[in-house]
Amino acid sequence: MPPPGRIRDAAVLCSFAMPAFLGAALFMLLQLLVGRVLLPQLGGAPGVWVSCLAFFQLTLCAGYAWVHLATRRSSRPVSSFWQPALVLAVLASGPLRLPPVAADYWSPTWTVLRFLIRHVALPSLVLSTTAPMLQTWYFAVTQRAPFALYAVSNAGSFAGLLAYPLLIEPRLLLHTQRVAWSYGFGLYALLMAAPAVLAWRRRTATLQLGGAQGAQPASCVELRQALGWLGLSAAPTALLAAITNHISVDVPAGPLVWAAPLALYLASFVVAFARERSQQAQAHEALWIACTVALPILLLPGNEARLPVLIGVPLLTLWVGSMLCHSKLAQRRPVPEQLTAYYACIAAGGALGGGAVAFVAPHVFSDHYELVLSLIGVHALHLTYARRRDRRSAPSGAQRLAWLGFGLAMPVLVATLWVQVAGLGRSGQVLARTRNFFGPLQVFDAQRVRVLAHGRTDQGQALRDPARSREPVGYVGKETGVGRALRLHATGRPRELGVLGLGVGALATYARAGDSLRFYEINPDVAPLARRWFGFLDGTRAALRIVSGDGRIALSREPHHGFDVFVLDAFSSDAIPAHLLTLEAFAVYLGQLAPDGVLVVNVSNRHLDVERVVAGSARALGLPYHVLQSRGDAKQGLVRARWVVMARSQALLQPLLGGETTELPVHEPVLWTDDHMSILSIVR
C-alpha cells in the first residue's frame, strides 16, 4: 500500500489537475463556439476566425500578465482572493449569451472585437488565468515544479479542440452548445474551490515563485531573454494564422478547418516541452527546408495542385516550423522563480503574432504577404539560435543544416514575395489591388480578357475588345446554366431578378428594359472595382440596386420579392461560404422566389462536389433539379462551368436544358443544415 504522504501528494495534484484540464478545454471550446456563431453573420469570411484567434490570444496574454504581476507584487496570496471572485462574477452574469451581431461590413474587424469584448471577454479572461494561477498555487502549496500541470492544460486544450468539430458540433444545436458550455463553467467553478482553499491555507507563505516563507525574491528576467521568448512564440503564431487564412482560400471556413492547424500548433508545444531536444531534430530541420521550398511554389498563381497537396503541405510546414521554434523555447525554460514571466512572454508573443496577421496585415498589405514573411521570420530565428557560441569551434551538424536551409529557401521565398508584390504570374498588367477583412482583390489584364480575382480564383471576366466588352464570358456565358436561365425564363414580361454575389456585374447583361435587378454583395470593395474597370453595371437597361451585406441575412429581412430568377454566385476565393448552402439558406431563397421562379446555383469548384450539397437541399425541399455543365473556349473567354438549376416543377426547367450544356448526374446528395455540416463529406 502506498505511504500516506504519497497518497496525499497524488490527491493534491489531482485537485489542481482537474480544473487545469477543464479550464483549458472550456477556453478552447469557447473560441470555436464563438467563431462558429459569428461566421455566418459575417459572410463566412476567413477573417472571422483569425480575428477571434487574435482576440483570445490577447485575453490569454492579459490573464498571464495579471497572474505574473499579482504574484510578484504581494507577499500574500492576493491572487487567491481575486480569482474566485472573478469566477463568481461570471457565474452571476448567467448562461453564456451570444446574440445576433449588428454587423458593420465597412469595419467587420471592429464588429467582431466589439462583440467579443461585450459577450465573452470576462469568461475568457478568467479561463486564461487558470493555468498560470494553478501552477503558482501548486508551487506555493507543494514547493514542487508545476510543469506537470502545464502538460495537463495542453491536454485539456487538445480535448476541447478535437471534441468540438468531431463530437459537439455534429450532434448538438448551437443553443444546446451554449447551455452545455455554461454548465461546464459551473463545474469548473466548483473544481477551482479546492485549489483556492489549499492556497488560502498557505496564506502565511508567499506566493512569489520562491515558494516558502523566507525564500529569496525571484530573480529578474533579462531583456534579451524575454525578447527571445517573445520572438520564438510570435513567429509560429503568425505562421498559424497565416496558414489558416491560406487554407480557407480553397475550403469554406469552419471549425474543422480551424481545428486542424491549431491542433498541430498545440501538438508542437506538447512534443517540444516533453523533452529538452527532440530525437528527430535534424529530421525536422530537413523537412523544414523541403517545406519552405515547396510551399512558396503553391502560392504562385496558376498552380493546379489537388486539395490534399494544397492543404497537406501548409499543415506540414506549420508543424515543422512550430516545432523548430517551440523546441528552442522549451530549451530556454527558466528556473521556477521566473515561470510566470516566461508564460507571460509566451502569451504576449502569441498575441503579437496573431494580432499582426488579423489586425495589421489586412490594412497594410494588398495580398497575403504575411505567410511568406512568417516563413522568413522562422528561418531567421532558427538561424539566430543555431549560431556557434564559440567562433573558434567547428560548426555542428545542426548549424550547417540551418545555414543550408537558409541558403536554399531564402531565394525562393524572396522571389515568391517579389512575384506577389509585383502582381506577376497573371500573364498581364495589374490595374488595381485592394485587400480588406474579406480578402484580397485584384484586377488585371490577361491576353484576351480583363479579370477580377479574389485570392487565387477568378471572380469575373470581360473581353478586352471594346466592341465585345459587354458580352457575358467566363462562368456566365450564354450557354451556361445561368445564361440559359436568364435568357429563356419568363421572357414575356418585366422580371424580378436577384443575384447573390456581384463579381464584375456580368449578369446585368441579361437584364432587359423593364426588369428589376438586385445584387447582394458583402465586400464593400467589389462594387467600386466593378464600376471602375468593367462596364456591365453602367450598361444595363434594368432598374439596378446593389444591397450591401450578407445576402442571406438581407433576404431574410426583406419583404417577398417574387424573383423570377434568383442566382447564387457568391464565392470567397474558390469556396462558397458554407452558411449559404444549408437547408435553411435554401428555404430563404425559395421564400423569395415567384411561384414559377427558377433558382440557379454556381457549383463550379476544383476541389469540392458542391452540387451534392445543393442537391441535398433541393431534395429535402421537394424541388426538381439538374446539374448543367458548359464547355470552355479560351478564344471566346469562356471557361467550363457547372450550374445547378432548380424550380418548383420539372416543366419550368425543361426549356432551360439542352443547348451546349451537358446534364451531369449527382451521386449521393448531402444535406447541410445550420447546425450540422461537414466539409469532408464533399471533398473530391
> Which atoms form the tightest heavy-atom contact between P165 and E169, and what is the distance?
Replying inline: CA-OE1, 4.1 Å
>> Looking at R332 and K328, would you say the former's side chain and the latter's main chain have a donor-acceptor pair under 3.5 Å?
In response: yes
>> Show, in sequence, the C-alpha distance, side-chain angles and deciding distance for L240 and S322, and conclude whether the side chain to side chain contact (heavy atoms under 4.5 Å, CB included) test is met.
In response: CA-CA 8 Å; L240 164 67; S322 298; over 6 Å; no
> Has the side chain of W181 got a donor or acceptor atom that lies under 3.5 Å from a matching backbone atom of L26?
Replying inline: yes
> At what distance, to the nearest 0.5 angstrom, does OG of S128 lie from CD of Q57?
Replying inline: 11.0 Å
> So, do C52 and L116 sit near enough that their side-chain heavy atoms are less than 4.5 Å apart?
Replying inline: yes
>> Heavy-atom count check: over 12 atoms from other residues, nucleotides or ligands less than 6.0 Å from R118 CZ?
In response: no
> Can you find a heavy atom in the side chain of L287 that is under 4.5 Å from one in the side chain of W319?
Replying inline: no
> Within the distance-only criterion (no hydrogens, no angle test), does the side chain of S182 pair as donor or acceptor with the backbone N or O of L96 below 3.5 angstrom?
Replying inline: yes
> Is a donor on one side and an acceptor on the other found under 3.5 Å between the side chain of Q41 and the backbone of V101?
Replying inline: yes
> Going by distance alone, is a donor N or O of one side chain under 3.5 Å from an acceptor N or O of the other, for Y385 and Q331?
Replying inline: no
>> Checking the side chain of S153 only, and the main-chain atoms of A24 only, is there a donor and an acceptor separated by less than 3.5 Å?
In response: no
> Do other residues, nucleotides or ligands put more than 12 heavy atoms under 6.0 Å from the NE2 atom of H175?
Replying inline: no
>> If you compare all heavy atoms of P195 against all heavy atoms of S15, which two are closest, and at what distance to 0.1 Å?
In response: CG-O, 3.3 Å
> How close do A263 and L162 get, heavy atom to heavy atom, and via which atoms?
Replying inline: CB-CD2, 4.4 Å
> Does the side chain of I346 reach to within under 4.5 Å of the side chain of Y64, using non-hydrogen atoms?
Replying inline: no
> Would you find a donor on one side and an acceptor on the other, under 3.5 Å apart, between the side chain of T129 and the backbone of V126?
Replying inline: yes
> For the residue pair Y265 and H326, does the interplanar ring angle fall in the parallel (under 30°), tilted (30 to 60°) or perpendicular (over 60°) class?
Replying inline: perpendicular
> How far does OG1 of T244 sit from CH2 of W49, to the nearest 0.5 angstrom?
Replying inline: 8.0 Å
>> If I compare all heavy atoms of Q225 with all of P334, which pair ends up nearest, and what's the gap?
In response: NE2-CB, 4.4 Å
> How far does NE2 of H579 sit from CG of L42, to the nearest 0.5 angstrom?
Replying inline: 9.0 Å
> Does a side-chain heavy-atom distance below 4.5 Å link L53 with W258?
Replying inline: no
>> Determine whether F27 and T59 satisfy the following criterion, side chain to side chain contact (heavy atoms under 4.5 Å, CB included), listing intermediate values before the conclusion.
In response: CA-CA 10 Å; F27 187 77; T59 60; 3.9 Å; yes
>> I'd like to know if the side chain of D675 reaches the main chain of L174, judged simply by a donor and an acceptor atom lying under 3.5 Å from each other, with no hydrogens or angles considered.
In response: yes
> Should L315 and I247 be marked as a side chain to side chain contact (heavy atoms under 4.5 Å, CB included) after you check the CA-CA gap, both sets of side-chain angles, and the distance that decides it?
Replying inline: CA-CA 9 Å; L315 290 180; I247 292 174; 3.6 Å; yes
>> Nearest 0.5 Å, please: how far is OH in Y343 from CZ in R333?
In response: 8.0 Å
> So, Y164 versus Q31: side-chain donor-acceptor pair below 3.5 Å or not?
Replying inline: no
> Quick one: does F55's side chain get under 4.5 Å of I117's, heavy atoms only?
Replying inline: yes
> Does some side-chain heavy atom of L239 sit less than 4.5 Å from a side-chain heavy atom of L371?
Replying inline: yes
> Passes ring-ring contact (aromatic ring centres under 6.0 Å, His included), W137 versus F16? Steps please.
Replying inline: CA-CA 9 Å; W137 290 352; F16 281 85; 7.1 Å; no
> With sequence neighbours excluded, what pairs up with I376 under the side chain to side chain contact (heavy atoms under 4.5 Å, CB included) test?
Replying inline: V372, M410, L413
> Between L310 and H246, is any pair of side-chain heavy atoms under 4.5 Å apart?
Replying inline: no
>> Closer than 3.5 angstrom, by distance alone: can the side chain of S233 be matched with the main-chain N or O of L230 as a donor-acceptor pair?
In response: yes
> Below 4.5 Å, heavy atoms only, C-beta onward: do F438 and P108 meet side chain to side chain?
Replying inline: yes
> Looking only at heavy atoms, which two atoms of S157 and M28 are closest? And how far apart?
Replying inline: O-CG, 3.6 Å
> What do the steps show when you test S51 against F359 for side chain to side chain contact (heavy atoms under 4.5 Å, CB included), and what is the final call?
Replying inline: CA-CA 7 Å; S51 298; F359 306 137; 4.3 Å; yes
> Out of L172, V37, L98, which one pairs with Q177 under the side-chain contact (heavy atoms from CB on, under 4.5 Å) rule?
Replying inline: L172
>> Tell me whether R171 contacts the main-chain N or O of L166 through its side chain, where contact means a donor paired with an acceptor under 3.5 Å.
In response: yes
> Looking only at heavy atoms, which two atoms of L295 and P314 are closest? And how far apart?
Replying inline: CD1-CG, 3.7 Å
>> How long is the straight-line distance from CZ of F21 back to CG of L149, given to the nearest 0.5 Å?
In response: 13.0 Å
>> Working to the nearest 0.5 angstrom, can you tell me the gap between L125 CG and L58 CG?
In response: 11.5 Å
